[in-house]
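See structure below.
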Amino acid sequence: MIKITLPDNSVREFSEPVNGLELAQSISHRLAKEVLSVSVNGEIRDLNRKIAEDASVKLHTWDDREGKDAFWHSSAHLMAEAIEHFYPGTKFGIGPTVDTGFYYDVELPNGQQLTEKDLQKIEQKMVELARQKNAIVRKEISKKDAMAMFTKKNDELKQELISELEDGTITLYEQGNFTDLCRGPHLPDTGYIKAVKLTSIAGAYWRGNEKNQMLTRVYGVTFPKQKLLEEYLVMMEEAKKRDHRKIGKEMELFTFSEAVGQGLPLWLPKGAQLRMQLEDFLKRVQKKHGYDQVITPHIGDVKLYKTSGHYEKYGKDSFQPITTPAEGEEYLLKPMNCPHHCEIYKAKPHSYKDLPVRMAEFGTVYRYEMSGELHGLTRVRGFTQDDAHLFCRPDQLKDEFKKVIDIVFIIFKALSFEDYTAQISLRDPEKPEKYIGTAENWDKAELAIVEACEEKGLKTVTEIGEAAFYGPKLDFMIKDALGRSWQLGTIQVDYNLPERFELEYIGADDKRHRPVMIHRAPFGSMERFVAVLIEHTAGKFPFWLAPEQAVILPISEKYNEYAQKVSNILNNSDIRTVVDDRNEKIGRKIRDNELKRIPYMLIVGEKEQESESVSVRRQGEGDMGTKQIGEFADAVTQEIRDQLSGLYN
RNA sequence: GCCGGAGUAGCUCAGGGGUAGAGCGCAUCCUUGGUAAGGAUGAGGUCACGAGUUCAAUUCUCGUCUUCGGCUCCA
């Protein structure tokens, strides 16, 4: 008897070995149709591999990552088969799955190159091969035989991979006329793959090392149902519409100029308005939390960054030093604000009673990013961090950390980012040489973060070995309206800089002690954050942030004067308004202003003028009836208070 | 930085060895219209930049810059 334990702890008994598919069939017909891979005692396997002994088993479908992995992994093989069909002699590198889909790195024979145009015929071939429902067969093979096989195929990429594998663990997967070296697991046959889309083609270094040759990487995604592919394509279309570079241009938020230089954003009036609104909001929240605002220059003596250690570690990623002509002093465009803030801390002696000291600055920093890396506002060479440094006693660390978490959540709430993950990054205990500071301090810092997260009830994931070289950190990832993940704010504990800058405070014992630093930036950078916000909201910003909050539309030119009067009244209540006094019909004005994503349209004509009112229209929702001017102002002011409850409570 | 696309009016794009086109936007005029496009006329371009080939280059070739998709990197 073989006892199979399922995730719900129910046990099924079989008189002889079963495979995953048979197990699924014994549970339900539907599950048998949907199951893609199986975990046996935590090891992911092919569905058609027999389970010969008692085991704890989980069946994976399209809803699980493990199910998708098997599906896409098999799809990569299918694509390889199709490519080999058109280009016999192609060498295959690696073909793994990614977040959405898979890729395969290939090298075509005789220096041939794939282009976007070739993708369609490969897609068609893949669909054709999938329809054949070719069984995917797993074979174990000795290292010697594997080597011989790929030597014969002249595929030195695979030979290199095999040479690093251990004999006895090597497996091949065969389908139709195609055989590939692979650990698996795979689908039982190619017929599961119903819909195929090859998404892009790009160069990629063999094994990710730029010293190696460049291979052609083909990206694709596949689905078990045609409908899922269609949904995916709609999603891609939507993502394209929300691209912050496109919306930023349309809404006149920011621009770039070749004359200014690449990666150096220019904030246009409306973008600047939006950004300042965010900054003012955070400044007010920080003020309530006991932060002091400071201002530091954009350059600093190279020695400052040598002291901090940034020069040694990141000097090559900075813009090269500026040298003064007469004295030969060297200055760096500042890549970080923290050294400046350390110097502010040092400007006077501190008592333990003064701590924590919380210093905030919207500090613009400059980093030399490689030209190929620049991307809209998300990756630039000059950007402004919503930076702050907290200097505290070791016994205050956890509490301070928790207060920073509070600020992060006030922001998330104000901007309706509801779905987040917090990642705790700890050091890799096996590689102490990667980190500076004592093991004791690291232990304390890591414990403080873990406990702070627990006490705040955060949803966290923990990554070992992802800590910065100077301390552990907590990063926040949010999911946007399309389900895409973005990394935003970060909170980092630092024992290093206080050491390097010899920061001190006088303790109750009248002795000198070293404070602990927390670096934190809830938005991360204003540029990146605004980009994420644009993509999250598709440019339909919450009312309090909208650069233009209401547009007043006179029915005809006869009411322009009244429109201007309404505008002035609302401006006096701190509502940002504009008047659309073009010589156009009302239908036209409504259409144009709907497309401009201004939250409210206020239509005014004879009726409104007589009764000192406005006809209110909410963007995307339509006519909302008539309101007195003051009544409208009160309603939207209340709307802001509701959205910014974190600030007012 | 590396590999591969792309660069034509303010925007989105068509075209193509004989110095250019559309729609939107903009300007002027007509119209004064009540909840998603009223009409007419007109002004906009060193076809990214620099060389080369050619009688002739915006078009072909090379280089540079910028941009897009990846790789690598991200204090």
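Quick note: numbers below take in every heavy atom, side chains included, and nothing from hydrogens, waters or symmetry partners. Order of the sequence lines sets the chain letters (A, B, ...), proteins ahead of strands, with each chain counted from 1.
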Per the atom types in the model, does the base of [N] pair as donor or acceptor with the side chain of [X] at under 3.5 Å?
X: A/Tyr205; N: B/C2; value: yes
X: A/Glu258; N: B/C49; value: no
X: A/Glu608; N: B/G34; value: yes
X: A/Arg245; N: B/C68; value: no
X: A/Glu557; N: B/U32; value: yes

N/O (side chain, A/Ser200) to phosphate O (OP1/OP2, B/G69) under 4.0 Å: no
Just checking [X]: base, sugar-phosphate only, or nothing, at a heavy-atom cut-off of under 4.0 Å?
X: A/Ser615; answer: base
X: A/Gly587; answer: sugar-phosphate
X: A/Phe469; answer: nothing
X: A/His375; answer: sugar-phosphate
X: A/Glu250; answer: nothing

Starting the side chain at C-beta, find the nucleotide from [options] nearest to [X].
X: A/Ile555; options: B/G69, B/G34, B/G38; result: B/G34
X: A/Ile603; options: B/G34, B/C26, B/U72; result: B/G34
X: A/Arg367; options: B/A36, B/C74, B/U67; result: B/C74
X: A/Glu373; options: B/C73, B/U67, B/U35; result: B/C73

Where the chi angle of B/G44 falls, syn if within 90° of 0 and anti if not: syn
Ring centers of A/Tyr366, A/Phe319 separated by less than 6.0 Å: no
is_close_aromatic(A/Tyr470, A/His519), centroid dist under 6.0 Å: yes
Could you check whether any side-chain N or O of [X] sits under 3.5 Å from a backbone N or O of [Y], counting only pairs where one atom can act as donor and the other as acceptor?
X: A/Tyr435; Y: A/Asp428; answer: yes
X: A/Asp623; Y: A/Arg617; answer: no
X: A/Gln487; Y: A/Ile478; answer: no

Quick one: [X] [atom1] to [N] [atom2], roughly how many Å, whole number?
X: A/Lys585; N: B/G39; atom1: NZ; atom2: C1'; result: 10 Å
X: A/Arg582; N: B/U31; atom1: CZ; atom2: C1'; result: 15 Å
X: A/Asp243; N: B/C68; atom1: CG; atom2: C1'; result: 10 Å
X: A/Gln492; N: B/C74; atom1: CD; atom2: P; result: 13 Å

